[in-house]
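Any value given below was found using the heavy atoms of this structure, including those in side chains, with hydrogens, waters and symmetry copies removed. Everything numeric here is computed off the predicted structure, so don't read it as measured data. Chain identifiers are assigned alphabetically (A, B, ...) following the order of the sequence lines, protein sequences preceding nucleic acid strands; residue numbering begins at 1 within each chain.
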Amino acid sequence: MVASTESLDVAVSHIDPGSSIAVGLALEHAIPFAAGHELLRRGIDDLTLIGPISDLLFDQLIGGGAASEIRAAWVGNVSTGTGYRFREAVEGGEIAVEDHSNFSIALALQAGAMGVPYLPTRSLLGSDIFERSELFVEATDPFEGDRIALVPAIEPDWAIVHAQRASPRGDVHLWGNTGIVGPAVGAAENVLVTAEEIVEPDVIESDPSRVAITREQVASVVECPFGAHPSPVAGYYNRDNEYYLRYDRRTESRSGFEEWADEWVYGVADREEYATLVDADLEITEPTIAAEVQYGQ
Amino acid sequence: MASSEYTDRELMVTTAAREIEDGDTAFVGMRLPLIAFQVAVSTHAPNALAVYESGVVRDSPADGFIHTMCDLPNLDRAVSTTGMVDIMSRLQRGDIDVGFLGGAEIDRYGNLNTTRVTAGDREIRLPGSGGACDIACMADRTVLLMPHEPRRFAESVEYVTSPGYPADDDGRDDRPAPGGGPSALVTSKATFGFDDSGELYLRSVHPGSEIEDVLAAFPWDVQTADDVGDGAVETTPEPTAEELDLVRTFDPDGFWT
């Protein structure tokens, strides 16, 4: 696959309704909110959302009617707890939920990335995540005889990743905690990368150890400054904590969510216009610069 | 008497912080534990290490308030920023000494529910496990944190998100998980331990609370330290001035505390 540099609306249009999408993979860091909002604007629905601790983006996609199934370990608002659109959709039977732990979703994607049907774990047994699910299987370790839980592979149609910078070829630098970005990118059929900056290939090649995703895995690369707001991006901007608290207050009711979405999603044409709505000071206060490294030859 | 000097949650943080021993590797989750680790590493446990499921590894307090483990102050000058499979693998190998967990409900054997509860005839969906199930299964010991509210104490939880001890068994030996189970429950009124059969017992009451009031919140007869031969029920030590100062430095607007 040859990556192409596209606008966000074009890149997102490659995602078909009914697709499975792994998103929010670095947990509360660098969540691809811009791509998620574009999915809503384009009305791409019937999605299966896959993630670990999935912060507000899942709640927003559910509220906007884009999701029919959730495979995740935690869905809510990390600052306040409840994601009201998630909660109402589950209680109303509008979406199906497959409950995972963070490790089981990580292992499912890791198995997908490794091309094996399942991976074993010492977690889960004794929990209702295991007992009340038909997904996981108890087995006996053929070597030592221990009881063990088997987690079947997940291979998403798409993984969407927000990163600091990428080359037009689709080689991607990202830094900070990576959560399950690696396993999800490895397991996904297609990868959409939104990046704070598109840079010359030379910049990426100067530091190959920082490359987390390479071109053959990537379908589309989109330059998308501020694409993770309200989540933080190391080196670019801090988390907009007040946004999370306001979202909590505004979206407890269905109508409140719709007013919120009219303002923040459907009321803006693109990310550039979205950025004009944000008044918080999210500037980096400790501009820590990594020491220079040499590779040499 | 207590509330005029510090809040319930400030006491919970300092009590939780004391459960981290020097040299421990602690698995730090959301909310109060974010602050508790920073207090511990700033006071009695300078050689403690924190791992976070997002991949962050830290040995020092963050320079700035953190809402979440992924906030930039928590990444800045971390020991390492890696991924979840790495962090969870350390847990699975048995390398994590202590983990922190909260929940909507707890039963007498320390099983926690963060998935769904019933209020009247209505089922309420909660956010789910996150890494809690994994920490409960695989940390050497876990410290549970919860507001002291009767609705949170259940003879049997509706959904076991994070396993404690099995009720029909005398330990966790039938499980392949390397974890040892809950070692303490810290509520807003008291601190509890778990006896040899894995049952909760009252260890200490926080200043300003009475034993009778603390026990009245439970739907079963809760054992006390006297009952299990662990001495008398004590009074939880108050936060020191240094600890309180640290809590207020790490959470300057009192968002978590």
B/Cys137, part contacting chain A, at a heavy-atom distance under 4.5 Å: side chain
May I ask you to name which of B/Gly130, B/Ser129, B/Pro163 has the most heavy-atom pairs under 4.5 Å with chain A? B/Gly130
Flag, side chain of A/Asn177 to backbone of B/Val56, donor-acceptor distance under 3.5 Å: no
Can you tell me which portion of A/Val78 sits under 4.5 Å from chain B's heavy atoms? Options are side chain, backbone, both or neither. both
So which residues of residues 73-85 of chain B are in contact with chain A at a heavy-atom cut-off of under 4.5 Å? B/Pro73, B/Leu75, B/Asp76, B/Arg77, B/Thr81, B/Thr82, B/Gly83, B/Met84, B/Val85
B/Gln92 and A/Ser123: side-chain donor and acceptor closer than 3.5 Å? no
Inter-chain contacts: residues 233-249 of chain A against chain B, heavy atoms under 4.5 Å: A/Val233, A/Ala234, A/Gly235, A/Tyr237, A/Asn238, A/Arg239, A/Asn241, A/Leu245
Quick check: are there more than 12 heavy atoms from other residues, nucleotides or ligands sitting under 6.0 Å from CD of A/Glu283? no
Chain B contact via A/Ile284 - side chain, backbone, both or neither, heavy atoms under 4.5 Å: side chain
I'd like to verify something: which residue of B/Ser54, B/Cys133, B/Gly128, B/Ala132 has the highest number of heavy-atom pairs under 4.5 Å with chain A? B/Ser54
Non-hydrogen side-chain atoms of A/Trp74 and B/Met30 separated by less than 4.5 Å: yes
Taking only residues two or more places apart in sequence, or in another chain, which ones meet B/Asp195 in a salt bridge (Lys or Arg N to Asp or Glu O under 4.0 Å)? none
Chain A interface, residue from B/Gly131, B/Ser89, B/Gly55, B/Gly64 that has the most non-hydrogen pairs under 4.5 Å: B/Gly131
Measuring heavy-atom distances to chain B, does A/Thr140 have an atom under 4.5 Å in its side chain, in its backbone, in both, or in neither? neither
Are any non-hydrogen side-chain atoms of B/Glu53 and A/Ile53 less than 4.5 angstrom apart? yes
Heavy-atom proximity to chain B below 4.5 Å, by part of A/Phe86: side chain
Which portion of B/Tyr52 sits near chain A, non-hydrogen atoms under 4.5 angstrom: neither
Side chain, backbone, both or neither of A/Asn77 within contact of chain B (heavy atoms, under 4.5 Å): backbone
If you tally heavy-atom pairs under 4.5 Å between each of A/Gly76, A/Gly176, A/Ala106 and chain B, the highest tally belongs to A/Gly176
Please identify, among A/Thr121, A/Asp146, A/Thr82, the residue contributing the most non-hydrogen atom pairs under 4.5 Å to chain B. A/Thr121
Of the backbone (N, CA, C, O) and the side chain (C-beta and beyond), which part of A/Ile129 lies under 4.5 Å from a heavy atom of chain B, both, or neither? both
Distance check, rounded to the nearest 0.5 Å: B/Met138 atom CE versus A/Ser101 atom OG? 7.5 Å
Please list, in residue-number order, every residue in residues 105-126 of chain B that has a heavy atom less than 4.5 Å from any heavy atom of chain A; write 'none' if there are none. B/Thr115, B/Arg116, B/Arg122, B/Glu123, B/Ile124, B/Arg125, B/Leu126
For the CG atom on B/Asp63, are there more than 12 heavy atoms of other groups (residues, nucleotides or ligands in this structure) within a distance under 6.0 Å? no
Of the non-hydrogen atoms in A/Glu28 and B/Thr68, which two are nearest, and what is the gap between them? CB-OG1, 3.6 Å
Evaluate the side chain to side chain contact (heavy atoms under 4.5 Å, CB included) criterion for residues A/His29 and B/Leu72: first the C-alpha distance (whole Å), next the side-chain angles of each, then the deciding distance (0.1 Å), finally the verdict. CA-CA 9 Å; A/His29 183 246; B/Leu72 301 193; 4.2 Å; yes
Looking at A/Asp55, A/Asp99, A/Leu25, which one has more heavy-atom pairs under 4.5 Å with chain B than the rest? A/Asp99
For chain B, which of A/Arg147, A/Glu131, A/His100 has the most heavy-atom pairs under 4.5 Å? A/Arg147
Looking only at A/Arg132, A/Glu286, A/Glu144, A/Arg122, most heavy-atom pairs under 4.5 Å shared with chain B are made by A/Arg122
I want to check something: taking the side chain as every heavy atom from C-beta on, are A/Asn102 and B/Asp134 in contact at a cut-off of under 4.5 Å? yes
Please check if the number of heavy atoms outside A/Phe226 that lie under 6.0 Å from its CZ is greater than 12. yes
Sort A/Ser231 into side chain, backbone, both or neither according to what part of it lies under 4.5 angstrom from a heavy atom of chain B. neither
